[in-house]
Amino acid sequence: MASSQEKRHRSIFELPSNYFDSCRLLPSPHSSLPDHHTQTLQPPSNDAVDDIQNAVVSGPRLTCNTCKAHFDSLQDQRSHFKSDIHRFNVKLTIAGKNIVKEEDFEDLTSDFVKDYDVSSISGSESDDDDDSENESRSQNLVPNKSGISLKQKLFVSLQTGQRVSVWKSLIMNVSENVVYEDEQVQKNLVERLKSLTVEPSDKTRLRIVLLASGGHFAGCVFDGDTVVAHKTFHRYVVRAKAGKKQSAKDASGRTVHSAGASLRRYNELALKKEVHELLTAWRPYFDASICIFIHAPSSSRELLYDGEKPCFTNPQCVRNIAMIVRRPTLREAKRIYGQLTLVSYEADEKEILQSNQQDGVPIRKAKRNGAPTVSKVDIAGLDENDKAEVCSSNQNDEPLILSDDISENELPVISTPLHQAAQSGDSEKVMELLEQGLDPCVKDERGRTPYMLAPDKEVRNTFRRFMASNLDKWDWNAAKVPSALTKEMEESQAAKQAEKDAKRKARAKELKKLRKAKEKKAQAEAAEKQKIASTSATGQSQSKSGVKLSKAEELKRAQDAEREKRAAAAERRMAALKIQASNSTTSANNSGLDGDILCSCCNSSLAGKVPFHRYNYKYCSTSCMHVHKEILEDG
């Protein structure tokens, strides 16, 4: 058996140059080798054969206690646990009904399922007939979680008998297919794998990862395992909790003219410009690249493409990333590249059986000693199907094998009481558990510490207060507690908060006074308008009801107005004559002066003044302009 150092997952650039010597490509990780190739491999020793036979004989039985089925391999058993018939029989067992055999499962109808009344324990809340139809599907239609990765990987059998897998996109283009019966194709692919193990790090064979999604962009250039260049961008282009970019919403016909929508439209154009400028600057890297891994779903593809034309050179090296990609960041780009260049070790049947034998022995001993095989906490961590499997196994008094459904390393991690207290928001319970010595650095199955599960500030402050009094007790950085909270800090924060509250109250009081003053002013203006309106209405009524003036009085008023007009005209003429007389006396004295700097009406000097113009005349004031106008009109 190979050592653990050889079996660990490693980057393809860390492998020795003879790693892929005398290897063979396989369609799947559990495919058998051809006879002519099996003869070229070294035959196993007698001790190894005895070990395998003993492992098979002494290994645990691969069965399903619910469906009363037996299996030849662990892979078949796991596939059965994921099938529809197993889930259906588990529901029937819980309901106290008889199980259904596999050959009769495909003939079931929705009426049959309804008669057995299993809809009440279904995992879905829908009561539609589609649920019964989904349950009656055959086992072959159950999707395999690893089905996508199996199609996207190459499986290799090494000369040592080990089986490893690599991603096809690392050495193959999208248009290439693998023909496992063609020796020339296999030889060509093996030579490509060998060339990667001896590839020089001279920046002549680069690989580029480009990720774009939801306003995020990440680009990274690799030379082997070394990062040559990287760049990330982020722009606000998607409204929170609304989904889709602003351009996609505009394309649907509903154009919004809000400030946020305008900002998102601008950011989309800005992000596109930034990415295009980066791709242009990285042209030497693209020219030297042999692989360009791209992830740009839906509308994010226009960041990398101008229509059908890519915005970078060497487009024949483009390969899509056939795995789940999270938010595009530098860390995510490194993770994706690490997965694509990873050589994964595939376990064979011998090791699976030996691991099952080792896992099954202590369980049988615990059963014989009278100890329960699975505790209440372990059962609480399992899902509904696994609980039914445990109950069915215990009823038949057969040994429980944890590796039947999931391996020991894949069992869910049970959170500690400190996790539960922090998540429930019980600060007193959290302090009590911390004082009892529970470790705040322990992480749950999702890698979260108790502090990260705290829903409110008071619970988080409890961790910080305990940290202030026990700085050296735990690794608080690992517990994700940011800083200690002392009494002095709390007092200071309380004083600042009180000051803020006082200012807020004063401001509210001031605003209340201003609001009352505005209301009084508005009321006064409304009363004044109402008074004016009533006065005008009274005057109109009086004018309508008053006695009409006589014709003589009207004629007298007209004559008085005409007399006043004539008197005003005479006064203007007299003033004009006086002005002309004064002009004649001053014309001799000012004969040496230029006429353009004198007022055309009063002949005063315009030096240092900005004159008023009317036609070709200049005036020192508007009154002179009006008087001179009337003089000219009177003639």
Side-chain angles (χ1 to χ4, degrees), residues 4-5 7-11 14 218 225-227 230 232 234 326-327 329-335 338-339 342 358-359 362 366 371-372 374-382 402 406-502:
S4 59
Q5 178 69 14
K7 292 180 180 179
R8 68 181 179 89
H9 301 333
R10 289 184 289 176
S11 173
E14 299 176 357
D225 284 336
T226 307
V227 177
H230 61 85
T232 59
H234 170 56
R326 296 188 285 266
R327 175 176 293 176
T329 59
L330 175 60
R331 179 182 297 179
E332 181 64 9
K334 291 181 179 179
R335 186 190 72 85
Q339 291 291 328
L342 191 68
Q358 294 174 0
D359 294 339
V374 180
S375 63
K376 294 181 179 180
V377 178
D378 294 333
I379 294 178
L382 300 175
L402 294 178
I406 53 179
S407 64
E408 183 178 0
N409 294 332
E410 294 174 350
L411 283 175
V413 181
I414 305 302
S415 59
T416 62
L418 188 57
H419 283 86
Q420 299 172 4
Q423 191 171 13
S424 62
D426 191 349
S427 58
E428 296 180 358
K429 185 67 174 178
V430 169
M431 179 59 73
E432 180 182 351
L433 294 174
L434 288 173
E435 291 175 351
Q436 291 177 3
L438 267 72
D439 189 358
C441 304
V442 176
K443 297 180 179 180
D444 62 0
E445 64 274 8
R446 297 180 62 184
R448 299 173 299 180
T449 61
Y451 179 84
M452 298 170 66
L453 295 176
D456 52 24
K457 187 176 181 180
E458 182 60 30
V459 179
R460 292 191 291 270
N461 286 342
T462 303
F463 284 96
R464 296 177 61 194
R465 294 189 190 101
F466 187 79
M467 175 183 175
S469 57
N470 300 271
L471 280 175
D472 300 330
K473 188 172 183 179
W474 304 106
D475 184 4
W476 296 105
N477 290 329
K480 305 299 181 182
V481 181
S483 60
L485 182 61
T486 61
K487 292 183 179 180
E488 292 77 7
M489 295 173 62
E490 289 191 79
E491 292 175 356
S492 176
Q493 291 177 0
K496 290 181 180 179
Q497 187 63 33
E499 185 179 355
K500 289 182 180 179
D501 293 340

Roughly how far, to the nearest 0.5 Å, is [atom2] of [Y] from [atom1] of [X]?
{"X": "Leu434", "Y": "Asn470", "atom1": "CG", "atom2": "CG", "value": "8.5 Å"}
{"X": "Lys429", "Y": "Gln420", "atom1": "NZ", "atom2": "CD", "value": "10.0 Å"}
{"X": "Gln339", "Y": "Arg335", "atom1": "CD", "atom2": "CZ", "value": "6.0 Å"}
{"X": "Phe463", "Y": "Thr449", "atom1": "CZ", "atom2": "OG1", "value": "7.5 Å"}
{"X": "Phe466", "Y": "Leu471", "atom1": "CZ", "atom2": "CG", "value": "10.5 Å"}
{"X": "Ser483", "Y": "Met489", "atom1": "OG", "atom2": "CE", "value": "5.5 Å"}

Exercise. Keeping the roles fixed (side chain from Gln423, backbone from Leu453), state whether a donor-acceptor pair exists under 3.5 Å.
Key: no
Find out whether [X] and [Y] are in side-chain contact, i.e. whether some heavy atom of one side chain is under 4.5 Å from a heavy atom of the other.
{"X": "Pro440", "Y": "Tyr451", "result": "no"}
{"X": "Pro417", "Y": "Leu438", "result": "yes"}
{"X": "Leu433", "Y": "Thr416", "result": "no"}
{"X": "Glu435", "Y": "Met431", "result": "yes"}

Might you point out which heavy atoms bring [X] and [Y] nearest each other, and give the distance in Å?
{"X": "Ala478", "Y": "Lys443", "result": "O-CE, 4.4 Å"}
{"X": "Met452", "Y": "Arg448", "result": "SD-CA, 3.9 Å"}
{"X": "Pro450", "Y": "Ala422", "result": "O-CB, 3.3 Å"}
{"X": "Thr462", "Y": "Ser427", "result": "OG1-CB, 3.4 Å"}
{"X": "Leu342", "Y": "Ser11", "result": "CD1-N, 4.2 Å"}

Practice problem: List the steps and the verdict of side chain to side chain contact (heavy atoms under 4.5 Å, CB included) for Gln493 and Gln497. | Solution: CA-CA 6 Å; Gln493 291 177 0; Gln497 187 63 33; over 6 Å; no
Quiz item: With Leu330, which residues qualify under side-chain contact (heavy atoms from CB on, under 4.5 Å), at least two apart?
Solution: Cys220, His230, Thr232, Lys334
Quiz item: Is the number of heavy atoms from other residues, nucleotides or ligands within 6.0 Å of CD (Glu428) greater than 12?
Solution: no
Quiz item: Does His234 have any ring-ring contact (aromatic ring centres under 6.0 Å, His included) partners at least two apart in sequence or in another chain, and if so, which?
Solution: His216
Self-check item: Pairs involving residues 449-474, ordered by first then second residue, that meet salt bridge (Lys or Arg N to Asp or Glu O under 4.0 Å) (sequence neighbours left out)
Solution: Glu458-Arg465, Arg465-Glu490
